[in-house]
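Reading through the structure tokens given below for one structure.
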Amino acid sequence: MESLKVVFTKDQIQNKVKELGALISEDYKNEDVVLICNLKGAFIFLADLCRNITAPISIDFIATTSYKGTESTGDVRIIKDLKIDIRNKSILLVEDIVDTGYSLEYIIGYLKLHKPRDVKICTLLDKRCKRLVEIHIDYIGFEIGDQFVIGYGLDYEERFREMNYIAELCLEG
Ligand code: IMP
Ligand code: MG
């Protein structure tokens with residue numbers, strides 16, 4: 001049996017995205033920035049966030065995989081690469097959620113091989129209590145506890161991404 005418990009409503013998320021957009025717009029007002037969306041989980045967050053940024057941006061996508069069911073495997077792989085040449089560019093990596101931090105650590109290392117000017121991180125959700133590697137995150141939407149959440153881009157076995165709110169998924173039995 002599955003049940004859903006609301007964690008963040010549509011309005012709470014939209015307000016937070018506006019707040020983050022305003023902060024990012026201010027910080028990058030004199031600078032071109034490339035938003036890199038880590039697929040698939042961050043696609044809806046990216047779509048809303050980019051429309052709340054007034055600074056000059058370009059957008060690219062990278063895809064990684066590490067999850068099986070509700071557990072991170074720590075074995076991160078890139079399954080879709082960047083198209084834009086990021087050498088000497090300012091990068092803002094957009095994530096749905098940071099859990100152990102393994103994915104982020106791997107992606108940051110990968111991006112740095114391309115010699116960008118600067119790499120900053122924006123995540124909608126921070127599951128800080130599960131962190132296994134220390135990573136500085138520049139923009140955080142909400143901190144959450146040790147719970148498995150879905151919706152607003154986040155999935156459980158590819159389901160629930162289309163929901164406009166975030167819920168905890170409780171699996172019983
Ligand atoms: P990490 O490598 O352990 O930090 O895992 C990060 C990735 O795992 C995220 O980008 C998500 O795709 C996925 N993930 C972690 N926690 C959750 C969750 O609660 N719900 C859905 N996906 C999650
Ligand atoms: Mg992800």
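When a residue number appears, it is its place in the shown sequence, counting from 1. Indexing begins at 1, ligand by ligand and atom by atom, following the structure's order. Keep in mind the model is a prediction, meaning the values are calculated, not measured.
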query = Is Glu134 atom CD crowded by more than 12 heavy atoms from other residues, nucleotides or ligands, each under 6.0 Å away?
reply = no
inquiry  = Is it the case that over 12 heavy atoms from other parts of the model lie below 6.0 angstrom from the NZ atom of Lys80?
reply    = yes
task = For Asp155, counting its heavy atoms only, list the atoms of ligand 1 lying under 4.0 Å from any of them.
result = 21 (C)
ask   = Does Leu104, backbone or side chain, put an N or O under 3.5 Å from an N or O of ligand 1?
value = no
request  = Scan for salt bridge (Lys or Arg N to Asp or Glu O under 4.0 Å) pairs involving residues 102-119, sequence neighbours excluded, and state none if there are none.
outcome  = Glu31-Arg117
ask   = For residues 4-52, which residue pairs qualify under ring pair (Phe, Tyr, Trp, His ring centres under 6.0 Å), counting only residues two or more places apart or in two chains?
value = Phe8-Phe142
query = So which heavy atom on Leu104 is nearest to which on Ile121, and how close?
reply = CD2-CG2, 3.8 Å
message = If the contact criterion is a heavy-atom separation under 4.0 Å, does Ile150 count as touching ligand 1?
response = no
inquiry  = Does any N or O of ligand 1 fall below 3.5 Å from an N or O anywhere on Asp99, backbone included?
reply    = yes
inquiry  = Which of the numbered atoms in ligand 1 are under 4.0 angstrom from any heavy atom belonging to Thr100?
reply    = 1 (P), 2 (O), 3 (O), 4 (O)
ask   = Purely on distance, is any nitrogen or oxygen of Lys127 under 3.5 Å from one on ligand 1?
value = yes
request  = May I ask you to check whether Tyr110 and Asp81 show a side-chain donor-acceptor distance below 3.5 Å?
outcome  = yes
request  = State whether the shortest distance between N or O atoms of Gly101 and N or O atoms of ligand 1 falls below 3.5 angstrom.
outcome  = yes
ask   = Any non-hydrogen atom of Ser103 lying under 4.0 Å from ligand 1?
value = yes
ask   = If you look at every heavy atom in Arg131 and Asp99, which pair is closest and at what distance?
value = NH1-O, 3.2 Å
request  = Say whether Leu132 and ligand 1 are in contact under the criterion: heavy-atom distance to a ligand atom below 4.0 Å.
outcome  = no
ask   = Is ligand 1 under 4.0 Å from a heavy atom in the side chain of Leu154, in the backbone, in both, or in neither?
value = side chain
ask   = With a cut-off of 4.0 Å, which atoms of ligand 1 are near a heavy atom of Gln147?
value = 19 (O)
task = Report yes or no: does Lys40 have a heavy atom closer than 4.0 Å to ligand 1?
result = no
task = Run the numbers for me: atoms of ligand 1, each under 4.0 Å from some heavy atom of Asp96, listed by number.
result = 9 (C), 10 (O), 11 (C), 12 (O)
request  = Give the contacting part of Glu95 toward ligand 1: side chain, backbone, both or neither, where contact means a heavy-atom distance below 4.0 Å.
outcome  = side chain
Option among Asp126, Ile144, Asn38 that satisfies the side chain to side chain contact (heavy atoms under 4.5 Å, CB included) test with Ile97 = Ile144
task = Grab the two heavy atoms, one from Glu95 and one from Ser103, that are nearest each other, plus how far apart they are.
result = OE2-CB, 4.4 Å
